[in-house]
There are 2 protein chains.
Amino acid sequence: MARWDPGAPERLRQAALDLFDEHGYDAVTVTQIAERAGLTRRTFHRYFPDKREILFAGSERLPPAVAEAVLAADPGLAPLPAALSALREVGTAVSGMVTDSGRRRAVIQSSPELLERERSKSAEVTAALRDALEQRGAGSTEAHLAARVSSIVSEEAFARWADGEGAFTECFDAAETALDAMLAENT
Amino acid sequence: MARWDPGAPERLRQAALDLFDEHGYDAVTVTQIAERAGLTRRTFHRYFPDKREILFAGSERLPPAVAEAVLAADPGLAPLPAALSALREVGTAVSGMVTDSGRRRAVIQSSPELLERERSKSAEVTAALRDALEQRGAGSTEAHLAARVSSIVSEEAFARWADGEGAFTECFDAAETALDAMLAENT
DNA sequence: TCTCTGATGTCTCACTGTGTCATCGCCAGG
DNA sequence: CCTGGCGATGACACAGTGAGACATCAGAGA
């Protein structure tokens, strides 16, 4: 009925992923993505502020989700365990929802520009975690350190999961164990 | 005698820092920086691949320095202590050489684009650390985790140092102590 | 039913700024 | 004098933004 088909953002996402797969991230222009989705360059920028961002669609929901999970955790937990339980919970949910994760990962790994952006996304989650931990009563530096250490575990878990090393919770356990082992070994 | 004055990179660096201070990072164009340094936009890009990079001049020397310090550390040390000692050593040297660190820091904090780039620079150091630890015989994940945890300490130390909380080594000790305290508290 | 109105999605221009390529000119060692 | 290499220049493709026109849709009122 509409003059334009609905679902423009998702159409753009698919078009972009296909083109990146085919020609490489750098060789693809925003105009090409928009054209394949039946839209114009200007419309691309309505939904995504820049070209990198189309590979991280939906990531803005992660920081609030993590913050909420931390605040919902057992108030008796110390900062680090609270953060870990929140990241385990959110990570499990995310690992069940994500689509195209393999192709997406391959494209991101292929471009420094995209790795840079991915680190920013991680940093946003870590910052939300830090703020939520402070809100639970942790001291400023304690919250910061717990947020960063727990983020290492979570990222290690995601890496293992993406490499097909089992269910996300198993990967998370393994990552936690590996960290404990490394920390215990300090001669 | 030369047709052009020598020291073009340093002149560009100063011009950029002054302009960023005065008008803010976003409002300054590469052309303006180059003109203030008596050069052209194209020449700017001869020395710095992009506009952000001028705030991180010399940073390419850090990863090799850290790697070297790790490989020179006592071979009996476990990965984490080895990494920490290397970062303490290199950090102390850097904290003594850096110029304009206050202005530089202020500019970087003001722009998401620059924070993003700073994280990349950190990641390069962490990657060099990880590789060097592996070369010392640490396992792959152990090296990775030790590199990341030690980087947290080092960054925390730099933050304290930049806030004027004393000499770099003192800040490093304090950061290490804070991390140990946070880790010990796990109920 | 018809029309008006506000909200929304899209397109067209037009512009600034970044980053790169092909090319040209100056300098020093032969 | 000439020739190889470094530095400068002009031209170009693309990213990202702003203003404005227009089509569609939903809802209110005649």
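Everything numeric here is computed off the predicted structure, so don't read it as measured data.
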In whole angstroms, how far is the [atom2] atom of [N] from the [atom1] atom of [X]?
X        : N      : atom1 : atom2 : value
B/Ile33  : C/dG19 : CD1   : P     : 10 Å
B/Tyr25  : C/dG17 : OH    : P     : 14 Å
A/Leu39  : D/dA23 : CG    : C1'   : 15 Å
B/Tyr47  : D/dC6  : OH    : P     : 12 Å
B/Leu114 : C/dT18 : CG    : C1'   : 15 Å
B/Phe48  : C/dT20 : CZ    : P     : 15 Å
B/Asp26  : C/dT18 : CG    : P     : 10 Å

Residues in ring-ring contact (aromatic ring centres under 6.0 Å, His included) contact with A/Phe48, at least two apart in sequence or another chain: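 Only A/Phe44 meet the ring-ring contact (aromatic ring centres under 6.0 Å, His included) criterion with A/Phe48.
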Residue-phosphate contact under 4.0 Å: B/Thr40 side-chain N/O, D/dA8 OP1/OP2: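 So the side chain of B/Thr40 is outside the cut-off, no N or O lying under 4.0 Å from OP1 or OP2 of D/dA8.
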Below 4.0 Å: OP1/OP2 of D/dG7 and any side-chain N or O of B/Thr43: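 It does not, given that no N or O in the side chain of B/Thr43 lies less than 4.0 Å from OP1 or OP2 of D/dG7.
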CG on A/Leu145 to CE on B/Met182, rounded to 0.5 Å: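 Between B/Met182 CE and A/Leu145 CG, I get 5.5 Å after rounding to 0.5 Å.
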Student check: side-chain heavy atoms of A/Leu17 and A/Ile54 closer than 4.5 Å: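 They are not in contact (no side-chain heavy atoms under 4.5 Å apart), so the answer is no.
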Residue pairs fulfilling salt bridge (Lys or Arg N to Asp or Glu O under 4.0 Å) with at least one residue in residues 101-111 of chain B, sequence neighbours excluded: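 Sorted result for residues 101-111 of chain B: B/Asp18-B/Arg103, B/Asp21-B/Arg103, B/Asp100-B/Arg103.
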Electrostatic pair B/Arg52-B/Glu116, nearest N-O below 4.0 angstrom: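 No, this pair does not count.
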is_close_aromatic(A/Phe158, A/Phe172), centroid dist under 6.0 Å: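 No.
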Annotated protein contacts, base or backbone, on nucleotides 12-21 of chain D with a non-hydrogen cut-off under 4.0 Å, one of B, S, - each: --SBBBBB--
